[in-house]
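Let me begin by presenting the structure, written as structure tokens, before commenting on it.
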Amino acid sequence: QAWLVESGGGLVQAGGSLRLSCTASGRASSDDGVAWFRQVPGKEREFVAAISWRGPWTYYGDSVKGRFTISRDNVKNTADLSMSSLKPEDTALYYCAVGPSASIYARYYRSWGQGTQVTVSS
């Protein structure tokens, strides 16, 4: 099971940008997907973006399309989420996850980080 550590969260004003990073240690060769999810208290975990470690495939949640970009570095075993045009509704705890494939469904990921808080002020 991979050990995931997220970083880069913080407080930003609406319209601003942030870049989150996820470092995956001990990732299995069969783990081809890495994703970002987010969650606010009292709500279900929401899919944000996913990317394949081995292929060009990327997926985005409807609420972040055109504003967020996911990328990965196979040498460093990192997956970044570049966020721009941030809105107050993007405020959440952002989690990194790794699994067998890039999926929009949380249940397909077997390793999760502890999360990094993103707060967007209006």
Side-chain angles (χ1 to χ4, degrees):
Q1 194 169 0
W3 175 261
L4 307 178
V5 177
E6 303 98 335
S7 62
L11 174 64
V12 64
Q13 287 190 331
S17 301
L18 274 178
R19 186 179 181 93
L20 307 183
S21 185
C22 171
T23 301
S25 303
R27 179 171 64 90
S29 59
S30 58
D31 283 334
D32 186 47
V34 56
W36 287 92
F37 288 79
R38 66 187 183 187
Q39 190 169 23
V40 297
K43 293 189 176 182
E44 290 190 359
R45 195 163 293 190
E46 178 189 7
F47 169 74
V48 176
I51 190 169
S52 167
W53 286 108
R54 291 191 285 266
W57 307 280
T58 57
Y59 307 94
Y60 293 95
D62 289 341
S63 62
V64 306
K65 281 180 182 176
R67 300 188 298 122
F68 291 11
T69 302
I70 189 170
S71 60
R72 46 98 170 109
D73 185 320
N74 290 41
V75 175
K76 296 180 180 178
N77 269 329
T78 57
D80 290 353
L81 184 70
S82 297
M83 307 183 294
S84 62
S85 303
L86 283 162
K87 306 174 183 179
E89 50 263 44
D90 293 317
T91 296
L93 189 61
Y94 283 70
Y95 296 92
C96 175
V98 166
S101 61
S103 171
I104 67 173
Y105 300 105
R107 63 180 181 269
Y108 289 117
Y109 294 91
R110 52 192 173 205
S111 300
W112 292 82
Q114 295 298 307
T116 184
Q117 179 67 37
V118 172
T119 303
V120 184
S121 63
S122 57

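All residue numbers in this chain count up from 1 along the given sequence.
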*If you look only at pairs with a residue in residues 52-83, which of them pass as a ring pair (Phe, Tyr, Trp, His ring centres under 6.0 Å), with sequence neighbours excluded?*
none
_Against the six-membered ring of Tyr95, is Arg38 placed for a cation-pi contact (under 6.0 Å from the centre, within 45° of the normal)?_
no
_Assigning hydrophobic clusters by single linkage (Ile, Leu, Val, Met, Phe, Trp, Tyr; side-chain heavy-atom cutoff under 4.5 Å), is Leu93 placed with Val40?_
no
*Donor-acceptor pair, Thr119 side chain versus Leu11 backbone, under 3.5 Å?*
no
*Answer yes or no for Arg27 and Trp3: cation-pi contact, defined as NZ/CZ to six-membered ring centre under 6.0 Å and angle to ring axis within 45°.*
no
_Among residues at least two apart in sequence or on other chains, which ones pass side chain to side chain contact (heavy atoms under 4.5 Å, CB included) with Gln1?_
Ser111
*Do Asp80 and Ser71 get their side chains close enough for a donor-acceptor pair, meaning under 3.5 Å?*
no
*asked:* Quick one, Ser30 and Pro100 - any side-chain contact, counting heavy atoms below 4.5 Å?
replied: no
*In Å, rounded to the nearest 0.5 Å, how long is the span from CD1 of Ile70 to CG of Leu20?*
10.0 Å
*Is Lys65 salt-bridged to Asp62, cutoff N-O under 4.0 Å?*
yes
*asked:* Checking the side chain of Ser84 only, and the main-chain atoms of Arg67 only, is there a donor and an acceptor separated by less than 3.5 Å?
replied: yes
_Test your reading of the model: is there a side-chain donor-acceptor pair from Ser52 to the backbone of Arg54, 3.5 Å cut-off?_
yes
*Donor-acceptor pair, Glu6 side chain versus Gly115 backbone, under 3.5 Å?*
yes
*Taking the side chain as every heavy atom from C-beta outward, state whether Glu46 and Ser63 have any atom pair closer than 4.5 Å.*
yes
*Ignoring hydrogens and geometry, is there a side-chain-to-backbone donor-acceptor pair from Tyr109 to Gly33 under 3.5 Å?*
no
*Do the side chains of Ile51 and Phe37 join up, straight or via other hydrophobic residues, at under 4.5 Å, putting them in one cluster?*
no
*asked:* With heavy-atom distances below 4.5 Å as the criterion, would you say the side chains of Arg110 and Asp31 are in contact?
replied: yes
*Of Val5, Val34, Thr23, which is the lone residue that meets side-chain contact (heavy atoms from CB on, under 4.5 Å) with Cys96?*
Val34
*Taking the six-membered ring for Trp, is the centroid-to-centroid distance between Trp36 and Phe47 below 6.0 Å?*
no
*asked:* In the structure I gave you, are the side-chain heavy atoms of Met83 and Val118 within less than 4.5 Å of one another anywhere?
replied: yes
